[in-house]
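Please read the structure below before turning to the comments.
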Amino acid sequence: MSEANAGRRHFLIGLGVVAAGTAAGIYVAPDLLAQSAAGKASSKPPVDFQPHAFVRISSDDSVTVIIGKSEMGQGVYTGLPMILAEELDVDPQRLKVEIAMGPEFNVPNLGIQFTGGTLSTILSYDALREVGATARSMLLSAAAARWKVDVALLRTDNGVVTDSNGARRATYGSLAEAASQLPVPEKGKVALKDRKDFRYIGKSQKRLDNTVKVTGQAIFGSDVDLPGMLVAVVARPQVFGASVRSFDPKAALAVPGVVEVKQVPSGVAVIAEHTWAALKGREALVIDWDTAGNERFSSEAHRAEARALSRKPGMVDRETGDVERALAGATATFDVEYEVPYLAHACMEPMNAVAQVTPGKCELWVGTQNHTMDTVQVAAALGIEPAAVKINTTFLGGGFGRRASSNADFSVEAAMVANGVGKPVKVFWTREDDTRAGWYRPCSINRVRGGIGADGMPVAYHHVSVSKPVLTQSPLAKFAIRKDGFDPTSTEGSSKLPYSIPNLRVEAHNTTEPVTTLFWRSVGHSTNAFIANGALDELAALAGRDPYEYRRALLADKPRHLAVLDKAATEAGWGKALPAGHFHGIALHESFASIVAEVAEVSVADGKVVVHRITCAVDCGFAINPDQVVAQMQSSIVYGLSAVLTGEITVEGGRAVQGNFHEYTILRLAETPVMDVHIVESDGPLGGIGEPGTPPVAPAVCGALYAATGKRIRRLPIPASLA
Amino acid sequence: MITLNVNGVSREIDADPDMPLLWALRDLFKLTGTKYGCGMALCGACTVHLDGQPVRSCSVPISAATTGRITTIEGLSSGADHPVQKAWIELDVVQCGYCQSGQIMSAAALLEAKPDPSDADIDDAMNGNICRCGTYPRIRAAIKRAAQIKRGGGST
C-alpha cells in the first residue's frame with residue numbers, strides 16, 4: 001500500500017483485489033495487509049496518482065474507484081463508478097472498487113456518511129463527474145508535458161492518452177507518477193462532458209460485483225473471519241423494553257466451546273469458539289426478565305386506541321382551503337380507516353457485526369448503512385472518542401433501512417460484547433433474533449375522508465395519520481422533526497399530492513408504544529401511497545369514473561406524471577380485454593424524486609389472490625444504468641408484494657409473534673408475477689431508484705381486487721381469504 | 001472425530017455430531033460462501049450438494065453427512081465458469097447477493113436432474129430459495145439460459 005493509502009479506511013470485500021500476496025476474495029484487514037507488505041517489499045510497489053479520495057490510478061494501469069456508499073443490492077458498486085469512469089474515460093468493466101469511510105464521503109450538507117434515502121446517486125453524481133474529469137485533465141497535462149505538445153491536441157480513449165495523429169500513446173498508468181506531481185485544478189475549472197457525448201452513462205453496464213457474488217467470494221459481515229475471533233449470540237428481551245433482572249450462566253458455561261457469558265446492555269451474551277456452541281449455550285441460559293409492564297402491550301389493542309385518536313385533531317402537516325366546508329357541501333363523501341401493520345425488513349442476512357476493542361479503540365467489521373452514526377454511538381457506548389472507532393464496511397446482505405438503525409443496535413452491541421474480551425468477537429443473530437428485534441415499519445392507523453363535487457371531481461381530501469414515526473427515535477430527531485413533534489415521515493406521500501384537490505388537510509398523531517420503528521424501504525411512502533391512491537380510487541368510484549381516466553383528468557397540468565401513468569396503462573393494455581377473471585388496478589406515486597406508475601393484473605379464485613403481472617413505468621429523470629433501474633423496480637415490486645399479500649408483525653404479550661419465514665412469509669419464485677418495466681426518459685432531475693417502485697404496489701393490487709370483487713381493501717395485508 | 005468430504009477433500013474435524021453441516025462448513029472449514037438464513041430449511045440460503053442432491057445444510061447434522069460427497073459453492077467450479085454461474089453473470093441476476101450461493105446450488109442440481117426444465121420444474125426446484133431482493137424473474141430466465149449453455153449454446 002502506498003503511503004497515501006496506509007491511513008485510509010479501506011476494506012477489501014472480495015472484489016478480486018490482489019494485494020501484498022493475498023488471494024482474491026479473501027478478507028484481509030488493512031493493518032495486516034500493511035504488515036505483510038512490509039515483510040516482503042521485494043518488488044517495487046506501484047505508484048499511485050490519487051487527485052481525490054474517490055479515485056486512484058496506479059502505475060500498473062489499475063484504476064480504483066473508492067466509494068463511501070454501502071452496496072446492499074441496489075447497485076451503487078457499479079453505478080457510482082460508472083459516473084466517474086464516464087468523465088475519466090475508462091471502461092467501467094476495468095475498474096476496481098473499494099468502499100471506504102472518511103469525511104470526504106459524507107453526504108453534502110449533512111456532514112455524515114450514510115447510505116439510504118435513495119440518495120446515493122443523486123447526491124454523488126456531480127462530485128463523481130468532477131473528480132473523473134479532473135483526473136483525466138491531469139493525465140492529459142502530464143502527457144502534454146512529456147511530449148511537449150499543446151494539451152488541446154491530445155485525446156483520451158479508455159485509459160489511454162493519444163496525440164492528434166495517433167502516433168504517440170500513453171496509458172493512464174504510465175502517466176500516473178507524472179500526474180501525481182501536478183497541482184490539482186480548482187473545483188469547477190475542468191469542463192464536463194455534454195450528456196450527448198456519454199459513452200457509458202445511460203447504457204446498461206454489467207454489475208461489477210457479479211463474479212464475487214456467484215462464486216461465494218463476496219464477504220458479508222457474517223463472513224468476516226479474523227485471527228482468534230470468537231462468536232457470540234445475545235439473549236435479548238422477547239418483550240419490548242424488558243431488561244435483565246438476573247441470570248444464571250452455569251448451564252451455558254458447561255456447553256463445550258462456550259468461553260464466557262456476560263451481561264451487556266442489550267441482554268446476555270454467550271461467547272464461544274464457534275456459532276453452534278454459542279447457540280447451544282444460549283439455549284441453556286436461564287434469565288429472569290423485568291418486562292416493565294410492556295407484557296400488557298398488544299398490537300390489536302394499540303390499534304383500537306389509535307383508531308380513537310385518529311378521530312381527534314392532530315398536528316397539521318399541510319392545510320389548504322377548508323376541508324370541513326367542502327365536505328359539508330360535497331355531492332358524495334367517504335370517511336374510512338386505512339391501516340397498515342408493523343413490518344420487519346427481513347434482510348436475507350440477519351444483523352451481525354464483528355468488533356475488536358483494544359484500550360481506547362474499537363474496530364468494527366460490519367455491513368452498515370449508517371457509518372457516522374454507528375461510529376458516534378459506538379464511541380459513546382465505550383466512552384471513547386469517535387475518531388478511535390474504525391468501521392470496515394462489508395457487503396450488506398440486504399439493507400432496506402434496517403441497517404440504518406437509529407441506535408446503531410447491532411454495532412453498539414458487538415462493541416459492548418467484545419469490550420474486555422481481548423479478541424475480536426462476531427455477534428451472530430438468528431432469523432428469530434432479527435425478526436423479533438423491533439425496528440419495524442410503523443403500524444399506521446389512518447382516518448381518510450374525501451368528497452366529490454357535482455362534476456365528480458374531488459373537492460376535499462382529509463388524512464389523519466396515527467403512528468410511531470421513525471425520526472422521533474433518531475439521534476437526528478432534534479434536526480428532523482418539528483417543534484411540536486410532527487415527524488414528516490408520518491405523512492410523506494400524502495400531503496404533497498400531484499393531483500390538484502382544492503381543500504386538503506393532512507394531520508398526524510404520534511404514538512409512543514414500546515415497539516421501535518424504523519425506515520423501511522420507501523419509509524412513509526410505503527403507507528401513504530396506499531392511502532392517497534386508495535382515496536383517489538374511492539373518489540373515482542363515488543364519481544362512477546374509471547380510476548385511470550380519473551387520475552388522467554387530475555394530472556392535466558403534470559406532463560411527467562401523465563406520461564408515466566399513460567405509459568403504464570398503455571403497456572398493460574388498460575381497458576382492453578383481459579383473460580377471463582383477470583382485473584386491472586392502477587396507482588401512481590412520486591417519491592425520492594422519481595415518478596412510478598404500476599398496473600396490477602390479478603385474479604381471485606376461491607378467495608385466493610393471484611397477482612399475474614405488474615406493468616411498471618418509471619421516470620427517474622434519466623437512467624445511469626438502465627438495466628439496474630429495471631432490476632430495482634423488479635426488486636421493489638417483489639418487496640412490496642410480500643407486504644401486500646402476507647406481511648405483518650403482530651405483537652402479543654409485549655412480544656413479536658412472528659419469528660421465522662414460516663410465520664413471516666416472503667414472496668417466492670412461483671408466486672412472483674411477470675414484471676414489465678418501462679423507463680420513461682424525461683428532462684427531470686436525477687431521481688432515486690432503490691425505493692420508489694415499492695409504494696405503488698399495494699394500491700395497484702388493491703385497486704385490481706376492488707375491480708375483481710367490489711371489496712375495498714383498506715387494511716393490509718390482504719386477508720388470507722377474500723371469499 | 002468426524003470425517004467430511006468437502007469439495008473433493010476429506011478432512012477430520014473434532015465437533016459435536018449434532019452440529020449442523022452449515023456451521024461446520026462456515027466456522028470450521030472456513031467456507032463462507034454457504035449462508036445462514038433461517039436455520040429451519042425454510043429459505044435455501046444454505047443449500048449445498050450432498051452426493052449431487054441439493055440439501056439445506058442448516059438442517060443436516062454433520063453425523064448424517066459423513067459418507068457423502070459435499071459440494072459447496074466454492075467447489076461448483078474453478079473459475080465462475082459453471083453454466084449456471086455464467087448465465088447468472090450474463091443476465092445480471094444478483095443484487096445483494098447473499099442468497100445467491102443457495103440459489104445457484106439449487107439451480108445447478110435442477111439442471112443435472114432436468115437438462116431442459118419447464119417453468120413448472122423451475123417453480124418446484126427453486127421454491128425453497130427465498131430472495132428478498134426479488135431477483136426471481138432473472139433467476140427463472142438465467143436457469144433457462146444456463147440450460148442452453150450446458151447444451152453447448154455458448155454465449156449470446
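Letters A, B, ... are given to chains in the order of the sequence lines, protein chains preceding strands, and every chain is numbered from 1.
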Can you tell which part of A:Met675 gets under 4.5 Å to a heavy atom of chain B, answering side chain, backbone, both or neither?
side chain

Quick one: do B:Gln95 and A:Gln632 satisfy side-chain contact (heavy atoms from CB on, under 4.5 Å)? Show the steps, please.
CA-CA 9 Å; B:Gln95 289 189 28; A:Gln632 281 310 298; 3.1 Å; yes

Please say whether more than 12 non-hydrogen atoms of neighbouring residues, nucleotides or ligands are located less than 6.0 Å from NZ in B:Lys114.
no

Which residue out of A:Gly398, A:Ala346, A:Pro256 racks up the most heavy-atom pairs below 4.5 Å with chain B?
A:Ala346

Distance, nearest 0.5 Å, that separates CD1 of B:Ile89 from OG1 of A:Thr215
8.0 Å

Could you go through B:Met40 and A:Glu432, starting from their C-alpha distance and side-chain angles, then the distance that decides it, and tell me whether this counts as side-chain contact (heavy atoms from CB on, under 4.5 Å)?
CA-CA 11 Å; B:Met40 292 174 72; A:Glu432 292 83 357; 3.6 Å; yes

Name the region of B:Ile122, side chain, backbone, both or neither, that has any atom closer than 4.5 Å to a heavy atom of chain A.
both

Whatever's closer than 4.5 Å to a heavy atom in chain B on A:Val630 counts as both

So which of B:Gly37, B:Ala120, B:Ala45, B:Cys43 has the largest heavy-atom pair count under 4.5 angstrom toward chain A?
B:Gly37

Evaluate the side-chain contact (heavy atoms from CB on, under 4.5 Å) criterion for residues B:Gln85 and A:Thr211: first the C-alpha distance (whole Å), next the side-chain angles of each, then the deciding distance (0.1 Å), finally the verdict.
CA-CA 8 Å; B:Gln85 291 169 317; A:Thr211 302; over 6 Å; no

Tell me, side chain or backbone of A:Ser642 under 4.5 Å from chain B's heavy atoms, or both, or neither?
side chain

Using heavy-atom distances under 4.5 Å, tell me whether A:Glu273 contacts chain B through its side chain, its backbone, both, or neither.
neither

What part of B:Asp16 is in contact with chain A, defined as an atom under 4.5 angstrom from a non-hydrogen atom: side chain, backbone, both or neither?
side chain

Would you mind checking which part of A:Leu641 comes under 4.5 Å of any heavy atom in chain B, side chain (CB onward), backbone (N, CA, C, O), both or neither?
neither

Could you check whether atom NZ of A:Lys423 has more than 12 heavy atoms from other residues, nucleotides or ligands sitting under 6.0 Å from it?
no

Quick one: CD on A:Glu71 to SG on B:Cys96, what's the gap to the nearest 0.5 Å?
9.0 Å

Is the side chain of B:Arg132 donor-acceptor paired with the backbone N or O of A:His345 at a distance under 3.5 Å, no angle test?
yes

Can you tell which of A:Met229, A:Glu671, A:His662 has the highest number of heavy-atom pairs within less than 4.5 Å of chain B?
A:His662

Is the closest side-chain heavy-atom distance between B:Leu42 and A:Asn660 below 4.5 Å?
yes

Under 4.5 Å from any heavy atom of chain B - which part of A:Thr275
both

Is the shortest side-chain heavy-atom distance between B:Asp92 and A:Gln628 below 4.5 Å?
yes

Would A:Trp276 and B:Asp27 count as a side chain to side chain donor-acceptor pair (under 3.5 Å) here? Give the steps.
CA-CA 9 Å; A:Trp276 183 239; B:Asp27 288 353; over 6 Å; no

Whether B:Arg26 side chain and A:Ser222 backbone form a donor-acceptor pair below 3.5 Å:
yes

Selection from B:Arg138, B:Lys35, B:Met126 maximising heavy-atom pairs under 4.5 Å formed with chain A
B:Arg138

Residue A:Val638 versus chain B: region with a heavy atom under 4.5 Å:
side chain

With distance as the sole test, does A:Arg668 use its side chain to make a donor-acceptor pair with the main-chain N or O of B:Asn127 at under 3.5 Å?
yes

Which one of A:Lys206, A:Gln634, A:His274, A:Arg431 has the most heavy-atom pairs closer than 4.5 Å to chain B?
A:Lys206

Counting heavy-atom pairs under 4.5 Å to chain A, which of B:Ile130, B:Ile104, B:Asp123, B:Ile139 comes out on top?
B:Ile130

Shorter than 4.5 Å, heavy atoms on both sides: which option in B:Gly128, B:Gly79, B:Pro137, B:Cys38 has the most such pairs with chain A?
B:Cys38

For each of B:Asp18, B:Leu31, B:Leu22, tally heavy-atom pairs with chain A at distances under 4.5 Å, and name the one with the top tally.
B:Asp18

Any donor and acceptor pair, going by atom type alone, linking the side chain of B:Tyr36 with main-chain N or O of A:Phe428 inside 3.5 Å?
no

At what distance, to the nearest 0.5 angstrom, does OG of B:Ser106 lie from CG of A:Leu669?
11.0 Å

Under 3.5 Å donor-acceptor, B:Tyr98 side chain and A:Phe395 backbone:
no

Contact origin within A:Leu396 toward chain B - heavy atom pairs under 4.5 Å
backbone

